[in-house]
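In what follows, chains are A, B, ... by sequence order, proteins preceding strands, each numbered from 1.
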There are 4 protein chains.
Amino acid sequence: MSSTTPVARAFTSDNVAGAAPEILEAVVAAAGGQAPPYGADRISASARDRFDELFEREVDVLFVSTGSAANALGLAALTPPWGSVLCHHDSHINNDECGAPEFFTGGAKLVPLPGDDAKIDPDRLRVAARRKAGDVHSVQPSAVSITQATETGAVYTLDEIRALTSCAREAGLRVHMDGARFANAVAALGCSPAEMTWRAGVDVLSFGGTKNGTLTVDAIVIFDRSLTGELTFRAKRAGQLSSKMRFHTAQFDAYLTDDLWLRNARNANAMAARLEEGLKAVPGVALLGAAEANILFCRLPQQVIDGLLSKGYGFYHDRWEPGVVRFVTSFATTRAEVDGLVDAVRRLAA
Amino acid sequence: MSSTTPVARAFTSDNVAGAAPEILEAVVAAAGGQAPPYGADRISASARDRFDELFEREVDVLFVSTGSAANALGLAALTPPWGSVLCHHDSHINNDECGAPEFFTGGAKLVPLPGDDAKIDPDRLRVAARRKAGDVHSVQPSAVSITQATETGAVYTLDEIRALTSCAREAGLRVHMDGARFANAVAALGCSPAEMTWRAGVDVLSFGGTKNGTLTVDAIVIFDRSLTGELTFRAKRAGQLSSKMRFHTAQFDAYLTDDLWLRNARNANAMAARLEEGLKAVPGVALLGAAEANILFCRLPQQVIDGLLSKGYGFYHDRWEPGVVRFVTSFATTRAEVDGLVDAVRRLAA
Amino acid sequence: MSSTTPVARAFTSDNVAGAAPEILEAVVAAAGGQAPPYGADRISASARDRFDELFEREVDVLFVSTGSAANALGLAALTPPWGSVLCHHDSHINNDECGAPEFFTGGAKLVPLPGDDAKIDPDRLRVAARRKAGDVHSVQPSAVSITQATETGAVYTLDEIRALTSCAREAGLRVHMDGARFANAVAALGCSPAEMTWRAGVDVLSFGGTKNGTLTVDAIVIFDRSLTGELTFRAKRAGQLSSKMRFHTAQFDAYLTDDLWLRNARNANAMAARLEEGLKAVPGVALLGAAEANILFCRLPQQVIDGLLSKGYGFYHDRWEPGVVRFVTSFATTRAEVDGLVDAVRRLAA
Amino acid sequence: MSSTTPVARAFTSDNVAGAAPEILEAVVAAAGGQAPPYGADRISASARDRFDELFEREVDVLFVSTGSAANALGLAALTPPWGSVLCHHDSHINNDECGAPEFFTGGAKLVPLPGDDAKIDPDRLRVAARRKAGDVHSVQPSAVSITQATETGAVYTLDEIRALTSCAREAGLRVHMDGARFANAVAALGCSPAEMTWRAGVDVLSFGGTKNGTLTVDAIVIFDRSLTGELTFRAKRAGQLSSKMRFHTAQFDAYLTDDLWLRNARNANAMAARLEEGLKAVPGVALLGAAEANILFCRLPQQVIDGLLSKGYGFYHDRWEPGVVRFVTSFATTRAEVDGLVDAVRRLAA
């Protein structure tokens, strides 16, 4: 597995990376011989066991083809059609899934809340969680969705998560975590997956794989196992029950072996920190927030932006105020790639 | 890639097979380096070109993770919520998708029709296609769905397909083809993919890959390209737009290279024919219908069924009248495996 | 309130009748002065009390504008999107509501069952109620819907109802009763409303008013009151919570006063019986089934059908085998009207 | 028809009023004799003709039981499931229908926009109408919904409406008008219904009746008649096709006779203006905005609010900043009632 581009210059998103070699090997190894379909095979059983181990308890897991499906299915199990999902204004479910949560829930409403660093402000949640509760004219607050790490690369502390989940509990709401960058958040906090999820009050988790080394599979981890039956039917009915399930589960089996998920995330985070460190020293560059996970926002002079683009660098640069850019690193990002970017910025800024 | 079972004994379904080596190689080759997400990469472009070539015209293609998703999305583009889909009573969409078409269409109704060999009877279609048309109290006939090859392994002739599509056209209905075993049907008919689809009046096709060598990907081929915009949004919203799309498209790129799809299907069909040939000669075995594709139904004495099961053979045997069993072959089935099964039946029947 | 047609000749359906005078008076009386909206008024409270009285226990009631809404909402509370509703092949929900149950449930499936006189065969229900239960590939049997009186004018005995509800219970299904002609059934059986519903195992009832004297209102009577919260939100969200609720509830308040509902139904049933009695004596007329409620099927010579139509009589005559016609009587049908019809048939048959 | 309360003191909403006498008479007159169901009767034909006359062109009309149903059905015909409806933050569809638009559209998204007096700011609409158009990751701007008169009692001028509809047109969006208080707006502007709707670019109108004198019926007026077929099926399927349709249409037949609709609205508006005039003169009372239609907002000293409540006056007073109250008048409000309220405020403020 060799990269055709010796130095990869796309910092657009972690989804421009390929797949981790260990995972590819597991897929290839899974392909021989016959196996029962729909997850009744040995590899799938092993992957499920690894999830139990990872979360230090029995959990139920469904394997789906995208993070959008994971989020929308999870929310559908927590929110009736007449319910609302409280989420951050910048959340992926609110902005980037073309209404998938609305489709899967049968028309629930997403209620966007403000907060710095794309984290939900707990005071706003407290109010929103009780807003018009019991009023037949209004959708009913039913679930809160927390993105960990957030869309801007920030990471909720455990206390911050617990503050939100306790608001939710007190008002009778369920808790969903969008963990598209779950591994990056765990790596950043140095906590256990259990601490960051069910021990902190999370009912259903979208456990991301695709951004961190798997091919086309993410997982729904169900802590409130009373929801498993419903979610199983919902997933099938949504076209998310793969017959050759072993090709999904082999990926997670490898992903959860020898902490591959965590090692991959640590690399991504470390590369973002290295990038931050490098850019910090460049005159004219202003860092915006801290790169807690694998996303870094900063403000660059226009000639730097133009120069980077003309050198083939890829990154989002026209979605926010002029000059604001976003760099994302991944499990596959190398020191040389980061250093090359820093060097390019330094030269262009001079 | 070595099979752990030297002789595979599961004839349960074609989904017990693994993946074709050529496809695995393509996936591995696709994994290196960076690529734009969501299908904007070179491999995806190549795969799309191959579909144009295969169908001898420009087509639009969406890559999804299951045949259920392919069917349900395709039907949703052809059927309004107040519409009905006319299909065979035994069709997969009617029986085996947990209501996926109903979910994706927003509550349309499936109207099952009879017919031998799981083929829709054109006379019944003719009547059903106009039933209560314009009557506000009734769902409106909107689409017909044809499974090719059928759930019992029969294959519609081109004339039979055209008879159904012309019924549909005359009544203003659209035409969907469930081609989970598309390749097996083309191999059986010896016709071109174009002849069996758009030239015969098909608007949208579920183009199966998973049962014939891909891992976890199927395709929606859109002949009525006015539906593409809608389908693109529907697919995203259904959680079916994979970010690392190249891992889906690499599979189809390989699948459509050097006629792999057709070679695989020919093997499956040939193995079913070989099985038929072998069993025909065994006293006490009654063949039910002809194995036109890769599915064979027959009636076996109970002691043969019991004996096969005890030897570790896998097949469906308790879904129909007593004694009726179904054997399915795949791209991976070998002569030795078929001959082993025939031999086992022969001994047990003796 | 005088009819402009001295002798009404439409026997098409009970929905060709107007409204009962007592109900019109109640509506007019309700119109003066101010009242709190959405059912918080005195008249609505009174109507709800009358339902408690009628059913000899506390029930919850929602007032909706059509029987279709009553049925679809009730079923939505009993059936998840991945569920199925077992009903008779001839049931109104299956044939005449343009997919309303599918819409309100979020895409559940109606599974039609056979049975004489449009009554569900309990043996078929027993099998269907467990069919593919727990199989993730299939919709899950969730509710059974019983139409009382049936679409052909037959009436389930209490034993017949209990046979169905106990099948349902044993398999874990909920029970819905479509009582568009509830009053006619009670009148026919001579039992109490309680006996025919919750005491016989019914969870949710569509309590018809429109066919028996109200204007444009029907009711959902909820015996399993744990469903009330959900149904209240579903009804609002479906556009079925009227602000000037007193105009709905005033109708039911009058309808349930001094047994108006029962007296109206008794008249309708008696007129159907009188019609049956009269036609029985006419040579060439064959009665089909018994007129247990207010619907009578019979076979007439073609010249009789043509003659009646030319005299301005209205009735369905081309929906079944040639010669089969349906006559429906209502609370407003008079002896003179029935005798006129019998007389006309007699002359034409001569 | 005598009011039980000689002086009605509820200024909570126009839905606390009863029904107009002319409309009650029409309902009573419609109740005699037989009539074809589902709108095939003479009264329904007459009502439809009156709509044509009112709008100076052929229009299609559906009669539904609530304004929520009218809005949600209209929006469903203009917005695909993956679409968004641009509306004011304070709009009824966004706040007070428990997600009815989301349910009827199959999960479209409401995008709230700001603007004074609950009117959509055209500059914000211009931006929102093109936001992420064509981006598969986002719901697609599809319709704009204008409430006329607005929820705060303001009235868009014709120029203001045209400014919004032309923004919509340029971006390819359809236009819905929520006319729950349509008559009040026409009365305020002194324009024709045609000018305020289709001539100004409106595609579908919710034509309110209930707040202005009908019992439990509102209408959907379809100017883009290509939507009529779809809307007819959608309405039936939503349980909104009443069998005894004449009871709905008789109300509108009377409502549109001799300008009853307009006379009723003029009274409501005049009473709000009279209230404004009266309160203006009271020291300590601050008017908030102008009472263009039949809603008046003002700020009252707390002792006035408390005093009014203790005297039995009804009005919303705790939904906004402290001291802000809303008074709503209706077709039934009398001068004596308004003068009584002004007098009470004056005494309490002294």
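- Heavy-atom pairs under 4.5 Å with chain D peak, among C:Asp218, C:Asp41, C:Leu215, C:Val217, at C:Leu215.
- Of the possible polar contacts, one joining the C:Gln240 side chain to the D:Gly239 backbone as a donor-acceptor pair under 3.5 Å is found.
- Heavy-atom distances place the backbone of D:Thr214, and not its side chain, under 4.5 Å from chain C.
- To the nearest 0.5 Å, atoms OG1 (D:Thr216) and CD (C:Gln251) are separated by 7.0 Å.
- The part of C:Leu241 that comes within reach of chain D is its backbone (N, CA, C, O), which places non-hydrogen atoms under 4.5 angstrom from that chain.
- A donor-acceptor pair is defined here as one N or O able to donate and one able to accept, closer than 3.5 Å; no such pair exists between the side chain of C:Gln34 and the backbone of D:Val16.
- Under the 3.5 Å distance criterion, the side-chain polar atoms of C:Lys236 are matched with a main-chain donor or acceptor of D:Asp96.
- One N or O on the side chain of D:Lys244 and one on the backbone of C:Gly18 form a donor-acceptor pair closer than 3.5 Å.
- Counting heavy-atom pairs closer than 4.5 Å to chain D, the top residue among C:Ala72, C:Ala70, C:Pro37, C:Ala30 is C:Pro37.
- In this structure, chain C has heavy atoms under 4.5 Å from both the backbone and the side chain of D:Ala238.
- Comparing C:Ala69, C:Cys98, C:Ser68, C:Ser243 by heavy-atom pairs within less than 4.5 Å of chain D, the highest count is held by C:Cys98.
- Distance check, rounded to the nearest 0.5 Å: OH of D:Tyr38 to OG of C:Ser13 gives 6.5 Å.
- Nearest heavy atom pair, residue C:Phe103 against residue D:Phe104, reads CZ-CA, 3.9 Å.
- Ranked by heavy-atom pairs under 4.5 Å with chain C, the list D:Ala29, D:Ser242, D:Ala35 is led by D:Ala35.
- In terms of non-hydrogen atom pairs under 4.5 Å with chain C, the most contact-rich of D:Pro36, D:Ala332, D:Gly99, D:Gly67 is D:Gly99.
- Most heavy-atom pairs under 4.5 Å with chain D: of the set C:His248, C:Arg237, C:Met245, this distinction falls to C:Arg237.
- Contacts of D:Val27 with chain C are made by both backbone and side-chain atoms, with heavy-atom separations under 4.5 Å.
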